[in-house]
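Heads up, the thing below is written out as structure tokens.
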Amino acid sequence: MSAWTAIVLRDLRAHYSGGGAVLPVVFFLLVATLFPFAVGPDGVLLAKIGGGALWMAALLAALLPVDRLLAPDAESGVLDQYCVRGLSDEGVAAAKIVAHWLGFGPPLMIAALPAAALLRIDGATLIKLEAGLAIGTPALAALGLLTSALTLGLRGAGALAGLLMLPLAVPLLIFGAGSFGGDGMGAIKLLAATCLLLLAVAPFGAGAALRAARE
Amino acid sequence: MIEARLAFDKVSCLRGDRLLFEGLSFVLSAGQAALLTGPNGVGKSSLLRIAAGLLPPAVGTVERSGRIALAAETAALDARLPLGDALGFWAKLDGAGESDVARALDAMGIANLAPVPVRMLSTGQRKRAVLARVIAGNAPVWLLDEPGNGLDTASLDRLAQAMADHRKAGGIILAATHQPLGLDDAMPIALKPHNESPVA
């Protein structure tokens, strides 16, 4: 087994055994539950805005674990040990993105099912939402890790992470929620393009940030 | 195994605006060891980080051949995992097997702690676990930062024995320390507070 897979498996194991998988999902469901309280129990209105609301919830849930993605490994010297073993910072960042997505994307997509029921979202919209999340959550994972690397070692990293990440996630929100209008294929394709771009850039950006943080 | 070698050529270390040391040169080849001494804050850990490739030297070049194992102040062991599993992860990355982990645990006298979660270990036990990680990795170049800190007399003897075995097998050791480690024939590298040149 390659070192790369070993890192992904280690992170996944720590994620699922440490309870880190539950928190964003519960948060996501909580936001979905709060919406009817804020907007009122009007089924038609909820169904209309529900898809967008769930995208907002997904975005906020993605922000939640950002300050803990790299900081524990940096503090305990794990990242240094990877570097001493000649693993590239980009490779480590890519492994972390994959592990983060596996720990956060699929659970969120499952949680979207009860959340959709809470907001009276119909079947066609739900399919678009799930397709959008399947395409969009890898981008959120990549963006989350990039932000985490950029804010590594800074005081108040958590608050700064939100300020950095949320503006960069605006295209995902626009194209994700945009898929609900019309047949939505155009928006889904643009969402996929945004996702590919972020996935391509994030390992290199995060790798450079990890190198800078070491000095 | 490739012939192990670690060579510093006129290396200077700059941290922030402070020059920690400059013009440091030494060569360690198979079986040799060096003891790095000097007061706190003089740059011993930075020198080890430069040797490990974690920090680029401000001036000069560092040549290394052979894999490197670093025992820094940080343990880099997953606190939640049992010690055996935490060491097993690094052994996997180092291309070592379970037998190497068992041998290393045995060498540091902590074989009985393998099922204990890392967070339950005492300071000294954790230090021994870190040394066990270095031993298990089978890397020819050992960089040890204060390896004797927090160890009892029996563990210090085990460490000395492990280092002697490592050198007999053609390994290199560079250790920063404030206490005797049983490396009597090691090359002394005394770092001095700046303005005085280092003696190698």
Side-chain angles (χ1 to χ4, degrees), chain A residues 1-23 65 68-96 98-100 103 149 152-154 207-215, chain B residues 6 13-16 45-46 48-58 64-82 85-97 117-119 126-127 129-130 133-134 136-145 174:
Chain A
M1 182 167 46
S2 78
W4 198 82
T5 352
I7 295 177
V8 173
L9 288 178
R10 167 190 176 264
D11 280 13
L12 265 184
R13 184 178 171 185
H15 184 70
Y16 279 104
S17 70
V22 182
L23 207 59
R68 303 307 292 162
L69 283 180
L70 288 166
D73 277 356
E75 282 157 18
S76 70
V78 170
L79 296 180
D80 284 349
Q81 291 292 336
Y82 289 152
C83 178
V84 167
R85 280 162 179 75
L87 301 169
S88 72
D89 294 305
E90 289 77 12
V92 170
K96 293 244 163 218
V98 170
H100 176 41
L152 192 60
L154 299 181
L210 288 180
R211 245 189 316 282
R214 201 156 45 227
E215 289 180 20
Chain B
L6 179 68
C13 173
L14 205 59
R15 299 297 281 150
S45 295
S46 298
L48 287 176
R49 287 178 72 81
I50 290 175
L54 291 171
L55 274 182
R64 33 182 116 66
S65 61
R67 282 187 303 121
I68 288 188
L70 171 72
E73 305 137 278
T74 46
L77 294 169
D78 289 312
R80 249 194 301 260
L81 291 186
D85 291 5
L87 289 172
F89 169 68
W90 292 113
K92 217 182 306 171
L93 289 196
D94 287 328
V118 172
R119 69 190 146 84
R126 198 169 304 209
K127 194 82 201 182
V130 170
R133 186 190 65 219
V134 170
N138 291 326
V141 182
W142 286 7
L143 305 172
L144 311 175
D145 198 353
L174 177 59

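Each chain gets a letter, A, B and so on, in the order its sequence line appears, and its residues count up from 1.
Aromatic ring pairs are classed by plane angle as parallel below 30°, tilted from 30° to 60° and perpendicular above 60°; the pair B/F89 and A/Y82 is perpendicular.
In terms of non-hydrogen atom pairs under 4.5 Å with chain A, the most contact-rich of B/R133, B/E73, B/R15 is B/R133. Residue with the most contacts toward chain A among B/L93, B/L54, B/L143, B/L55: B/L54 (heavy-atom pairs, distance under 4.5 Å). Comparing B/I68, B/T74, B/D85, B/L77 by heavy-atom pairs within less than 4.5 Å of chain A, the highest count is held by B/T74. With respect to chain A, the highest number of heavy-atom pairs below 4.5 Å among B/P56, B/A72, B/S46 belongs to B/P56.
The two residues B/G53 and A/C83 come nearest to each other via the heavy atoms O-SG, 4.3 Å. Across all non-hydrogen atoms, the minimal contact from A/A14 to B/R80 is O-NH2, 3.9 Å. For the residue pair A/R85 and B/D94, the shortest heavy atom distance occurs at NE-OD1, 2.8 Å.
Contacts between A/R211 and chain B at a heavy-atom distance below 4.5 Å are absent for every atom of the residue. With a 4.5 Å cut-off on non-hydrogen atoms, A/L87 touches chain B through its side chain but not through its backbone.
Between A/D80 and B/R49, at least one side-chain nitrogen of the basic residue sits less than 4.0 Å from a carboxylate oxygen of the acidic one, meeting the salt-bridge criterion.
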task: Check step by step if side-chain contact (heavy atoms from CB on, under 4.5 Å) holds for A/V84 and B/R67.
output: CA-CA 8 Å; A/V84 167; B/R67 282 187 303 121; over 6 Å; no
message: Apply salt bridge (charged side-chain N to carboxylate O under 4.0 Å, His left out) to residues B/D78 and A/R10 and explain how you reach the verdict.
response: CA-CA 10 Å; B/D78 289 312; A/R10 167 190 176 264; 2.5 Å; yes
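Expressed to the nearest 0.5 Å, how far NZ of B/K92 lies from CG of A/L9 amounts to 6.5 Å.
Within the 3.5 Å criterion, the main-chain N or O of B/L70 finds a donor-acceptor partner in the side chain of A/Q81.
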